[in-house]
There are 2 protein chains.
Amino acid sequence: MATRTAAQRRAEAAAAYDAYIAECPTRQLLDRISDKWVSLVVNALAGGPLRYGELARVVASISQKMLTQTLRNLERDGLVSRTVTPSVPVRVDYELTPLGVGLLPVMQALKTWAEANMDDVLAARATYDSGIN
Amino acid sequence: MATRTAAQRRAEAAAAYDAYIAECPTRQLLDRISDKWVSLVVNALAGGPLRYGELARVVASISQKMLTQTLRNLERDGLVSRTVTPSVPVRVDYELTPLGVGLLPVMQALKTWAEANMDDVLAARATYDSGIN
DNA sequence: CTGAATCCCGTCCGATACTG
DNA sequence: CAGTATCGGACGGGATTCAG
């Protein structure tokens with residue numbers, strides 16, 4: 001058939017467009033730092049190296065699984081370094097790499113805007129919700 | 001029993017800690033802008049008001065459902081304004097509010113860091129992955 | 001044209017149990 | 001101490017269909 005559905009047309013446009021946004025550095029950065037636990041772990045490590053167990057205690061609400069997963073991702077991206085000391089028992093330290101440290105100012109900028117403007121957002125949200133009910 | 005499980009101890013700590021991070025402005029901001037579509041829609045609106053259909057075309061890969069949902073969220077948060085012109089057919093324009101405009105520099109900061117450093121991250125990722133296989 | 005409602009599948013993530 | 005393995009519920013989000 002000659003005619004195409006809306007879905008097909010979207011798919012064609014998306015083929016080119018999505019390829020772009022998927023590789024968009026900003027998109028990738030957002031995907032990384034917006035991870036529920038990444039910002040917390042990075043912040044915990046901002047003060048210096050920590051052991052696995054210490055991280056688990058500092059970021060108290062994180063599960064073992066997510067802590068490990070988060071650390072693996074950060075290590076994979078070169079934002080955090082992992083150092084194993086083969087003693088008994090084994091000791092593993094995690095530390096921000098220079099690249100990871102470079103992320104701190106960015107997070108700080110986010111924090112600054114958030115603290116300055118989230119009140120307005122929350123107020124808008126309350127107003128909006130009250131109009132609904 | 002007097003002893004508590006690890007989960008229980010985590011829950012106690014989390015009760016206080018999570019209450020904090022859930023209300024943490026930075027956390028909330030991250031939750032908002034990290035939404036898959038928010039950054040794209042906001043960027044599309046950075047150049048000026050757009051109609052619903054125009055947005056759908058600009059952000060080609062977005063589905064109707066997610067476009068509407070994203071716009072509702074942004075409207076709720078006071079970042080985007082919605083203007084209905086009761087003609088036939090109906091016309092609806094979306095526009096960034098001053099609050100929404102204030103978000104642009106923040107996104108720009110993110111973009112700047114990403115463009116400067118994501119190459120390193122990608123390189124680290126490639127190295128890490130090659131070590132695995 | 002703009003949008004709401006429904007179905008449904010994939011992914012995330014928490015709990016739990018086991019290993020070196 | 002520092003993980004790994006597996007299961008299952010919750011949720012995001014796409015396709016489709018209906019409505020004003």
Side-chain angles (χ1 to χ4, degrees), chain A residues 4-11 13-15 17-18 21-22 30-32 34-38 40-41 49-76 80-95 132, chain B residues 4-11 13-15 17-18 21-22 31-32 34-41 49-76 80-95 132:
Chain A
R4 296 164 302 173
T5 66
Q8 283 174 319
R9 267 180 277 108
R10 258 214 320 272
Y17 191 73
D18 275 356
I21 68 162
L30 272 174
D31 283 345
R32 182 57 54 238
S34 69
D35 183 288
K36 186 177 178 186
W37 302 112
V38 164
L40 295 173
V41 170
L50 286 178
R51 301 182 54 174
Y52 182 89
E54 291 173 329
L55 275 171
R57 238 171 297 116
V58 172
V59 189
S61 56
I62 198 171
S63 67
Q64 249 187 9
K65 175 180 174 180
M66 293 321 294
L67 178 54
T68 298
Q69 192 176 107
T70 301
L71 287 169
R72 286 288 174 282
N73 283 334
L74 290 174
E75 185 193 1
R76 184 168 108 101
V80 159
S81 66
R82 179 171 183 270
T83 309
V84 181
T85 307
S87 53
V88 179
V90 162
R91 173 196 179 97
V92 182
D93 285 277
Y94 291 92
E95 181 176 13
I132 299 294
Chain B
R4 297 162 301 171
T5 66
Q8 282 175 320
R9 266 180 277 107
R10 259 213 318 275
Y17 191 73
D18 275 355
I21 67 161
D31 283 345
R32 182 57 51 238
S34 69
D35 183 288
K36 185 178 177 185
W37 301 112
V38 164
S39 58
L40 294 173
V41 170
L50 285 178
R51 301 183 54 175
Y52 182 88
E54 292 173 328
L55 275 172
R57 237 169 301 116
V58 172
V59 190
S61 55
I62 197 171
S63 67
Q64 258 187 6
K65 174 181 173 179
M66 294 320 295
L67 178 54
T68 298
Q69 191 176 106
T70 302
L71 287 169
R72 285 290 171 283
N73 283 335
L74 290 174
E75 185 193 1
R76 185 169 108 100
V80 159
S81 65
R82 179 172 182 269
T83 310
V84 180
T85 307
S87 53
V88 178
V90 91
R91 173 198 178 96
V92 183
D93 286 276
Y94 291 93
E95 182 177 13
I132 299 296

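No experiment lies behind these values; they were computed from the predicted model shown.
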Would you call A/Val59 and A/Leu67 a side-chain contact if the rule is heavy atoms closer than 4.5 Å? no
Look at the side chain of B/Lys36 and decide which nucleotide, out of D/dG14, C/dG14, C/dC1, has an atom nearest to it. D/dG14
Would you mind reading off the distance between B/Glu54 atom CD and C/dG3 atom P, rounded to a whole angstrom? 13 Å
Roughly how many Å is it from CG in B/Leu40 to C1' in D/dG13, rounded to a whole number? 15 Å
Starting from P on D/dC11, measure out to CE on B/Met66 and report it in whole angstrom. 15 Å
Whole angstrom is fine here: how far is it from CH2 in A/Trp37 over to P in C/dC12? 15 Å
Watson-Crick and G-U pairing of DNA chain D, under 3.5 Å, as dot-bracket with | and [ ]: ||||||||||||||||||||
Take the protein atom CG of B/Leu67 and the nucleotide atom C1' of D/dA15, then report the distance between them rounded to whole Å. 16 Å
How long is the line joining CG of A/Leu71 and P of D/dT4, in whole Å? 11 Å
Please report the distance, rounded to the nearest Å, between CZ in A/Arg91 and P in D/dG3. 13 Å
Roughly how many Å is it from CD1 in A/Ile62 to P in C/dA15, rounded to a whole number? 12 Å
Using a 4.0 Å heavy-atom cut-off across all strands, classify B/Arg51 as base, sugar-phosphate, or nothing. sugar-phosphate
With A/Lys65, which residues qualify under side-chain contact (heavy atoms from CB on, under 4.5 Å), at least two apart? A/Ser63, A/Gln69
Test of understanding: with side chain to side chain donor-acceptor pair (under 3.5 Å), list the residues that count as partners of B/Thr83, not counting sequence neighbours. none
Correct closest heavy-atom pair for A/Val38 and A/Arg32 would be CG2-O, 3.4 Å
Mapping B/Pro89 and A/Val90 onto DNA chain C by nearest heavy atom, which one lands closer to the 5' end? B/Pro89
From the list C/dA4, C/dT2, D/dT4, which nucleotide is the closest neighbour of the side chain of A/Arg72? D/dT4
Nearest heavy-atom pair of A/Val84 and A/Pro86: which atoms, and what distance? O-CD, 3.5 Å
Do the side chains of A/Arg82 and A/Tyr52 get nearer than 4.5 Å, heavy atoms only? no
Residue pair A/Asp93/A/Lys65 against DNA chain D: nearer the 5' end by closest nucleotide is A/Asp93
I'd like to check B/Leu74 versus B/Val41 (side-chain heavy atoms, cut-off strictly below 4.5 Å). Are they in contact? yes
Do the side chain of B/Gln64 and the base of D/dA15 come within less than 3.5 angstrom through a donor-acceptor pair of N or O atoms? no
D/dG3 OP1/OP2 closer than 4.0 Å to side-chain N/O of A/Tyr94: yes
